[in-house]
Amino acid sequence: MFGCLVAGRLVQAAPQQVAEDKFVFDLPDYENINHVVVFMLGTIPFPEGMGGSVYFCYPDQSGMAVWQLLGFVTNEKPSAIFKISGLKSGKGSQHPFGAMNLPQTPTVAQIGISVELLESLAQQTPVASAAVSSVDSFTEFTQKMLDNFYNFASSFAVTQAQMTPNPSEAFIPANVVLKW
């Protein structure tokens with residue numbers, strides 16, 4: 001029913017079913033993972049009025065499981081990309097996997113999917129840093145390019161005392177670039 005994909009790794013298409021309505025994928029070496037894609041395989045749809053909450057679980061310093069809500073997948077939204085690289089320092093949230101004793105090892109995290117009513121999915125608040133940027137790629141590229149330009153130009157900055165007169169060169173104050 002579900003699949004999980006991490007860049008540079010094989011697709012996981014067989015989650016471990018830990019309850020009638022709960023599934024988990026193991027993520028070995030999770031500290032080197034930035035994003036996770038969770039998707040429906042298209043073989044079995046959710047029952048009418050149901051969807052799946054997606055959770056990220058990692059062991060804290062004491063080895064206890066910390067679960068954080070990432071988002072959801074539904075028949076209408078069958079896939080989602082989640083950023084998990086910044087979540088490891090956050091706090092856990094309420095989750096449906098609490099009563100289960102899932103094995104935790106220091107280098108293995110888990111993605112949990114809990115099948116729930118669509119009404120309850122709409123009321124849940126995912127961790128804000130898990131969402132992938134909604135800025136279009138051209139805008140994001142332009143912002144990064146201009147930041148890079150400013151950093152590059154700033155690396156040549158000199159004070160007025162360090163300037164040597166050269167009539168063939170024009171000097172532009174750095175604050176002009178920032179104002180632009």
Side-chain angles (χ1 to χ4, degrees), residues 1-60 63-141 144:
M1 183 172 191
F2 304 109
C4 179
L5 176 66
V6 174
R9 299 185 186 184
L10 293 173
V11 172
Q12 294 185 49
Q16 176 185 358
Q17 188 169 0
V18 294
E20 184 179 335
D21 59 348
K22 294 179 183 32
F23 305 85
V24 294
F25 291 100
D26 287 338
L27 299 176
D29 194 26
Y30 74 95
E31 292 175 338
N32 293 316
I33 299 173
N34 290 319
H35 295 84
V36 172
V37 180
V38 175
F39 57 94
M40 295 179 63
L41 297 174
T43 55
I44 303 171
F46 282 110
E48 189 66 32
M50 303 294 279
S53 293
V54 180
Y55 292 86
F56 175 62
C57 174
Y58 65 95
D60 66 6
M64 298 298 296
V66 177
W67 289 88
Q68 295 178 326
L69 178 65
L70 300 178
F72 61 91
V73 291
T74 63
N75 291 335
E76 292 74 35
K77 182 185 170 239
S79 64
I81 301 171
F82 303 107
K83 181 178 179 184
I84 63 169
S85 59
L87 300 179
K88 294 144 194 127
S89 60
K91 296 205 184 268
S93 62
Q94 186 125 5
H95 60 87
F97 295 90
M100 295 174 207
N101 198 4
L102 301 175
Q104 291 294 311
T105 58
T107 60
V108 177
Q110 292 176 319
I111 291 292
I113 302 172
S114 175
V115 178
E116 301 172 10
L117 292 171
L118 290 176
E119 292 85 36
S120 66
L121 292 179
Q123 296 173 5
Q124 297 174 350
T125 306
V127 177
S129 59
V132 176
S133 174
S134 61
V135 176
D136 70 46
S137 60
F138 181 74
T139 303
E140 188 174 357
F141 169 76
K144 288 182 179 183

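Hydrogens, waters and symmetry mates are skipped; everything else that's a heavy atom, side chains included, is used.
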Determine the minimum heavy-atom distance between [X] and [Y], stating which atoms define it.
X     : Y      : result
Gly71 : Pro126 : N-CB, 4.0 Å
Val73 : Val38  : CG1-O, 3.9 Å
Lys22 : Ser114 : NZ-OG, 3.7 Å
Val36 : Cys4   : CG1-SG, 3.6 Å
Leu70 : Phe82  : O-CE2, 3.4 Å

How long is the span from the [atom1] atom in [X] to the [atom2] atom in [Y], to the nearest 0.5 Å?
X     : Y      : atom1 : atom2 : result
Gln17 : Ile113 : CD    : CD1   : 11.5 Å
Phe72 : Ser120 : CZ    : OG    : 11.0 Å
Glu31 : Ser85  : CD    : OG    : 12.0 Å
Met50 : Glu119 : CE    : CD    : 9.5 Å

**Candidate pair Leu5 and Phe39, rule side-chain contact (heavy atoms from CB on, under 4.5 Å), full reasoning** = CA-CA 8 Å; Leu5 176 66; Phe39 57 94; 4.1 Å; yes

**Prompt:** Ignoring hydrogens and geometry, is there a side-chain-to-backbone donor-acceptor pair from Gln110 to Gly112 under 3.5 Å?
**Reply:** no

**Message:** With a 3.5 Å distance limit and no angle check, can you tell me whether Gln12 reaches the backbone of Pro15 through a side-chain donor-acceptor pair?
**Reply:** no

Heavy atoms, side chains only, cut-off 4.5 Å: are [X] and [Y] in contact?
X      : Y      : result
Phe23  : Val115 : yes
Val108 : Leu27  : no
Ile33  : Arg9   : yes
Asn34  : Ile84  : no
Cys57  : Tyr30  : no

**Prompt:** Centroid-to-centroid, Phe56 to Tyr58, below 6.0 Å?
**Reply:**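 Yes: the rings meet the under 6.0 Å criterion.
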
**Asked** Looking at residues at least two apart in the chain, or sitting in another chain, which of them share a side chain to side chain donor-acceptor pair (under 3.5 Å) with Gln124?
**Response**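 Residues passing side chain to side chain donor-acceptor pair (under 3.5 Å) with Gln124: Ser53, Glu116.
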
**Request:** Quick one: list whatever passes side chain to side chain donor-acceptor pair (under 3.5 Å) with Asn75, sequence neighbours left out.
**Result:** none

**Prompt:** Sequence neighbours excluded, which residues qualify as ring pair (Phe, Tyr, Trp, His ring centres under 6.0 Å) partners of Phe46?
**Reply:**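 Counting only residues at least two positions away or on another chain, Phe46 forms a ring pair (Phe, Tyr, Trp, His ring centres under 6.0 Å) with Phe2.
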
